[in-house]
Amino acid sequence: MKIIQITDTHLMPPGEIANGVDPERQLRAAVADIAARHGDADLLVITGDLCNCGDPEAYALLRDILRDLPFEVRLLLGNHDSRPAFVAAFPDHPRDANGYIQSFLDTPEGRLLFLDSHEAGVIGGVYGADRMAWLDTALAGAGDKPVTVFIHHPPVRDGIRHFRDISLHDDGRLLARLAAHPAGVRHIVFGHIHIPLAGTSPEGIAYSSGQACSHRFIMDLDTPNPWWTGGHPTYRVIFIDGFGLRAFTAEAGQTPTEQAPICTGP
Ligand SMILES: [Fe+2]
């Protein structure tokens, strides 16, 4: 299957700028590129920080931008989001019995889990007992199928100074719970850090983040207050199939220079 990931769209009310970047322009360009090149995708996942300040106008804008996409969409909340404003704009979006924006999707490639790590007033992520109870049931229901996890906050230690105190505040409990799933975790897909990262946890679970669609960081692992920058809007194309799981990063709006020859080997 083919999944599109967009992350950290940080939408503002129309015309407003966030950290020097126009988030609406970024997302519209990314979605136009996706519609043109990946209309055959099965699913779009936006891994949180949908909106920068939780404004109802920004969620209405998100709804408008995504309106014509021909495939299923799952939206995750990040720390910048507002759950009440999101639910008001997307009343039919799947959520659990406690109102968290959590759901799963069963596919031929295993169960996809969409987790909610948003907690109002907290920049880091929270994944407490009530959310974990839902996850226990979702993992049990996956049975002998592997799971692929989508969440805003990285449930792994990334070593980035700026994010030291605003990561998932759970002392590794979510990662440990996932690692206990007998059929395994194919991958954990997240956002939050606004730079691309790929790695493997000490438990052997592969993970990666998408590049932010809106403003992103100039990569600096040691500075507590790094600089934002702009750039082409980005998204990822994630395949889960007989090759395993592969995640490619795409940029909308690139300028072609010269065309490569066809390489027939050897
Ligand atoms: Fe963000």
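Below, each value reflects all heavy atoms present in this structure, side chains not excepted, and no hydrogens, waters or symmetry copies. First listed ligand is number 1; within each ligand, the first listed atom is number 1.
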Inset, instruction - For the residue pair L77 and L50, establish whether any side-chain heavy-atom pair is separated by less than 4.5 Å. - result: yes
Inset, instruction - Answer yes or no: is there a side-chain heavy-atom contact under 4.5 Å between Y100 and H118? - result: no
Legend entry - Residues that R111 engages under side-chain hydrogen bond (donor to acceptor under 3.5 Å, both in side chains), provided they are two or more places apart: D106
Inset, instruction - Would you mind counting protein N, O or S atoms that sit less than 2.8 Å from the Fe ion (ligand 1)? - result: 4
Legend entry - Note, T234 side chain near R216 side chain (heavy atom, < 4.5 Å): yes
Inset, instruction - Return the orientation label for the F86 and F90 ring planes: parallel under 30°, perpendicular over 60°, tilted otherwise. - result: parallel
Inset, instruction - Determine, using ring centers only, whether H169 and Y127 are less than 6.0 Å apart. - result: no
